Amino acid sequence: MSLHYKSLIPTRTGFGLGVLEAGKKSDNLIALGSDITTSVGMNYFADAFPQRFISLGIAEQNAAGVAAGLALMRKIPVFSTYAVFSALRTTDQIRVSICYNNLHVIIGGAHAGISVGPDGATHQALEDIAVMRCLPNMMVLSPCDATQAKILTEKAISDCLGPVYIRYGREPVPDFTDEDQLLEIGKAQTMKEGKDATIIATGHMVFPALEAAYALSEKGMDLKVVNIHTIKPIDKQAIIDAAKQTGLIVTIEEHQVTGGLGSAVAETVVQSHPVPVHIIGIPDCFGESGNPEELLDKFGLTSEKLESRILQILNDR
Amino acid sequence: MQKISDAETLLKLSFLIRNSVVRMLCKAGSGHLGGSLSLADICTTLYFNTLNHQPNNPDWPDRDRVILSAGHLAPVLYATLAHAGYFEIEELYSLRKVGSRLQGHPAKDKGLPGIETSSGSLGQGLSIALGMALAAKIDSQKITIHTLMGDGELQEGQVWEAAMAAAHHKLDNLIAIVDKNGLQIDGKTSDVMNLEPLRNKWESFGWNVIECNGHNFNELIVSFESAKKSSKKPTVILARTIMGKGIKTIENDSRWHGKVPGQNEIADFLCQLEESYKAELNQPNL
C-alpha cells in the first residue's frame with residue numbers, strides 16, 4: 001500500500017506561510033532578514049509587511065542579539081536562516097541573550113538535514129536538535145510536512161511564551177497531513193497503530209517511516225508509527241506507552257544519532273520503562289555533496305532503506 | 001527622577017558608589033574591581049543626570065534603557081541602582097551568594113529592579129540595544145537606549161556586526177559608551193589586540209563619535225547631551241578612564257581586573273577612596 005499525499009511542498013514554504021498568517025494577526029511580529037530571505041521562506045511576510053521586515057545582512061550573531069532586544073521591548077521577532085547559522089553559529093547568543101532572558105523569539109532553522117544536498121556538509125545542519133534541545137527554556141519543534149510546519153509556526157508565535165526553535169528543510173516533500181489535524185505542541189501524533197514495534201520519527205523522516213511501516217505490514221509486521229513534532233518538551237507519556245505496548249522502539253531522524261530525537265526518546269525510555277531503542281540517523285559523521293535522494297539513500301534514510309533496516313532490527317530481536 | 005547637574009553632588013554620589021563597590025566585592029570574595037571603578041563616574045552620570053527613569057517604577061515603559069554589555073562590571077551597576085533607589089543598599093552585600101538577585105553577571109530572571117537584560121558573554125550588548133532601538137523607532141517611542149561596553153570587549157566580532165547594522169538603520173536613539181581604560185586581563189589592549197585607531201573605526205562604520213574624560217562629570221553630561229542630538233547616526237562615547245580609579249595603589253594595574261580586596265586590604269582601600277574624593281573636591285575645575 002502506498003501512502004496518499006496531496007503534493008510535494010517544502011517545509012520551508014509551510015514555515016513562511018505560517019509566519020505570514022501570524023503576521024496578519026499580530027502587529028508585534030517583526031521578521032529579521034539574514035540575506036537569504038526567500039531561501040528560508042520569509043519572503044511571504046517580507047513582501048506583505050515590508051515595514052516589519054528588518055534586513056540585518058550576513059551577520060547572524062548580531063541578528064540573534066537584535067531579536068533579543070526586540071523581544072525585550074515586547075515585539076515578537078522571527079529570526080530565520082540556515083540552521084547551521086541560526087542555531088549553531090549563534091549558539092552563545094541564543095544561550096545568553098535569548099534563553100537566559102527567556103524571551104519569546106522564534107528561531108527558524110532552515111535547510112536542516114542531509115537532504116539539503118549539493119551544498120555539502122557545511123550547509124547540512126545535523127547537530128542543531130542536539131544543541132538547541134539542551135538549552136534551558138528552549139522549545140524545539142520539527143514539523144513533518146508543509147501543512148504541519150505552517151500550523152506549528154503559527155502556534156509557536158501565538159501560543160508560546162519563551163524561545164522556540166523550529167527546524168525545517170529545503171526540498172519538496174510529501175504534504176500528507178490535514179489542514180484541520182489535531183495538533184497540540186508537546187503532544188506526539190500517532191500516525192499508525194501497531195503492536196510489534198514502534199517507529200518514532202521526526203521532520204522529513206515521518207513520511208518515509210510510514211511508507212516503510214506500511215510496506216512491512218504487507219510482510220506481516222504490525223508497526224506503530226509516532227510523529228514527534230515537538231522534540232522539547234517531549235511527550236514522555238506517548239513514548240512510555242509505546243515502550244509498554246510494543247517493547248521495541250526504532251527512532252528515525254535526519255540528524256546525528258547523538259543528541260537528537262533518538263537520544264531524547266532513549267532518555268525517556270531508560271528512566272521509565274527500559275526497552276531496546278535503535279537510533280537511526282547520521283552516524284556521527286559529516287555529510288557530503290550529492291542530490292538529496294542520492295544522499296538519503298547513501299545514509300539509509302529512504303523508505304526502501306528504512307524498510308530493510310527496520311526488518312533487520314526486528315529479525316535480530 | 002530629578003536630574004543632578006552639580007558636579008560636586010555627582011562626585012559625592014560616585015564616591016559612595018565606589019565605596020559600596022569595594023565593600024560588596026570584599027564581602028563577595030570574588031568579582032571585578034578594576035573596571036567597576038573605572039565605570040563608576042559614567043554610571044553615576046547616567047543614572048543621576050542623563051536617564052529618563054523612575055527607580056520606584058522600574059518597568060515604566062517609557063524609561064530610557066541601559067544595557068550593561070560588559071556584564072562583569074555588574075558590581076558598579078548594582079551599586080548605582082541601589083544608590084539611585086531601585087532597591088535597598090543592604091542587598092548589595094548579597095552579591096555572588098546563593099539565591100541572590102545580584103548574580104556575578106546580570107541575570108534578568110532573578111528579578112533585580114533595573115536589570116534590563118542578562119549579560120556576561122562579551123560583545124552581545126550592542127546587538128540587544130540595537131534591537132531595542134529598532135523597536136522604539138517602530139513604535140515612534142521617544143526613548144534613548146544606552147549600552148556600556150569595555151574597550152577589550154570591542155575585540156569581539158559581534159560588536160562590529162552590530163556597529164554596521166546600527167548605522168545602516170540610522171539609529172540615532174542609540175548611544176554606546178566605551179569604558180576606555182586601555183587594560184584587559186592579559187595586560188594593555190594595545191599589546192593584547194590593538195584597537196586603535198578607535199575613533200576612525202567607529203567613524204568609518206558610520207557612527208557619530210564623541211571622546212571625553214570618563215571621570216569628568218561636566219564632560220560626561222555634555223557628551224550625553226550632544227549624543228542625544230545626533231541625527232540619523234548612532235553615537236559612541238569613547239570615555240577615557242582609569243582602571244581602579246580612586247584607589248591609587250591599584251590604578252592602571254591590569255592585575256586588578258578580576259581581583260577583590262581581602263579583609264586585610266579593605267580599610268586601606270576605603271581610606272584611599274576617601275582621600276581621592278577629597279583631593280578631587282578641591283580641584284578648581286570641578
Side-chain angles (χ1 to χ4, degrees), chain A residues 23 26-35 49-79 81 85 89-107 135-138 161-163, chain B residues 59 61-69 71 103 105-111 115-141 143 145-147 149 156-171 173-174 205:
Chain A
S26 171
D27 290 341
N28 281 330
L29 200 151
I30 308 284
L32 303 180
S34 297
D35 193 44
F49 303 105
Q51 73 284 12
R52 286 194 274 141
F53 175 78
I54 299 170
S55 174
L56 292 169
I58 309 168
E60 298 83 5
Q61 299 167 83
N62 178 54
V66 169
L70 285 163
L72 283 164
M73 300 291 278
R74 302 186 188 285
K75 299 295 177 191
I76 305 174
V78 180
F79 160 53
T81 179
F85 309 131
R89 189 189 188 101
T90 57
T91 302
D92 183 40
Q93 285 75 17
I94 292 174
R95 178 175 180 267
V96 176
S97 292
I98 296 174
C99 287
Y100 193 21
N101 280 327
N102 198 12
L103 298 173
H104 186 37
V105 174
I106 312 300
I107 301 164
L135 292 173
N137 297 329
M138 182 64 92
L161 295 173
Chain B
D59 296 328
D62 288 330
R63 69 193 182 278
D64 287 336
R65 268 47 169 200
V66 178
I67 302 298
L68 180 66
S69 189
Q103 293 288 295
H105 295 78
K108 187 172 171 59
D109 69 334
K110 299 295 183 286
I115 297 300
E116 299 285 1
T117 182
S118 304
S119 61
S121 177
L122 293 179
Q124 299 191 17
L126 186 57
S127 300
I128 294 174
L130 159 49
M132 290 178 145
L134 278 166
K137 285 282 183 191
I138 289 166
D139 291 343
S140 303
Q141 195 181 9
I143 61 171
I145 317 294
H146 308 77
T147 186
M149 298 189 287
E156 291 280 5
Q158 186 184 349
V159 171
W160 302 100
E161 291 185 1
M164 199 184 306
H168 177 84
H169 289 288
K170 301 182 171 59
L171 296 175
N173 56 348
L174 176 64
F205 271 74

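Residue numbers start from 1 in every chain, and the chains themselves are labelled A, B, ... in the order their sequence lines are given, proteins ahead of strands. Nothing here was measured: the structure is a model prediction, and the numbers come from that model.
Counting heavy-atom neighbours within 6.0 Å of A:R95 CZ, excluding the residue itself, gives a total of 12 or less. Within 6.0 Å of the NZ atom in B:K137, the count of heavy atoms belonging to other residues, nucleotides or ligands exceeds 12.
Only the side chain of A:I30 comes within contact range of chain B, with at least one heavy atom under 4.5 Å from a heavy atom of that chain. Within the 4.5 angstrom heavy-atom criterion, only backbone atoms of B:E116 (N, CA, C, O) approach chain A. With a 4.5 Å cut-off on non-hydrogen atoms, B:I115 does not touch chain A at all. With a 4.5 angstrom heavy-atom cutoff, B:A133 does not touch chain A via any of its atoms. Both the backbone and the side chain of A:D92 come within contact range of chain B, with heavy atoms under 4.5 Å apart. Residue B:A129 does not touch chain A at all, counting heavy-atom pairs closer than 4.5 Å.
Taking all atoms of both residues into account, the shortest heavy-atom contact from B:P106 to A:Y100 is O-CE2, 4.2 Å. Nearest heavy-atom pair, B:E161 versus A:N62, reported as atom, atom and distance to 0.1 Å: OE1-N, 2.8 Å. Considering all non-hydrogen atoms of both residues, B:S121 and A:V96 come closest at CB-CG2, 3.9 Å. Taking all atoms of both residues into account, the shortest heavy-atom contact from A:M73 to B:A135 is CB-CB, 3.5 Å. The heavy-atom pair separating B:I128 from A:S97 by the smallest distance is CD1-OG, 3.4 Å.
With contacts defined as side-chain heavy-atom distances shorter than 4.5 Å, the pair B:L134/A:L70 qualifies. Annotation: side chain of A:L72 is not in contact with side chain of B:R65 (no heavy-atom distance under 4.5 Å). Considering only heavy atoms from C-beta on, A:I54 comes within 4.5 Å of B:I138 through its side chain.
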Exercise for the section: Apply side-chain contact (heavy atoms from CB on, under 4.5 Å) to the pair A:L56 and B:H169, showing each step before the final yes or no. Expected result: CA-CA 9 Å; A:L56 292 169; B:H169 289 288; 4.0 Å; yes
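The distance from atom CD of B:Q158 to atom CD of A:E60, rounded to the nearest 0.5 Å, is 11.0 Å. Between atom CG of residue B:D139 and atom CG of residue A:D27 there is a gap of 10.0 Å, rounded to the nearest 0.5 Å.
Note on B:P61, B:G71, B:S119, B:A107: by heavy-atom pairs under 4.5 Å with chain A, the leading option is B:A107.
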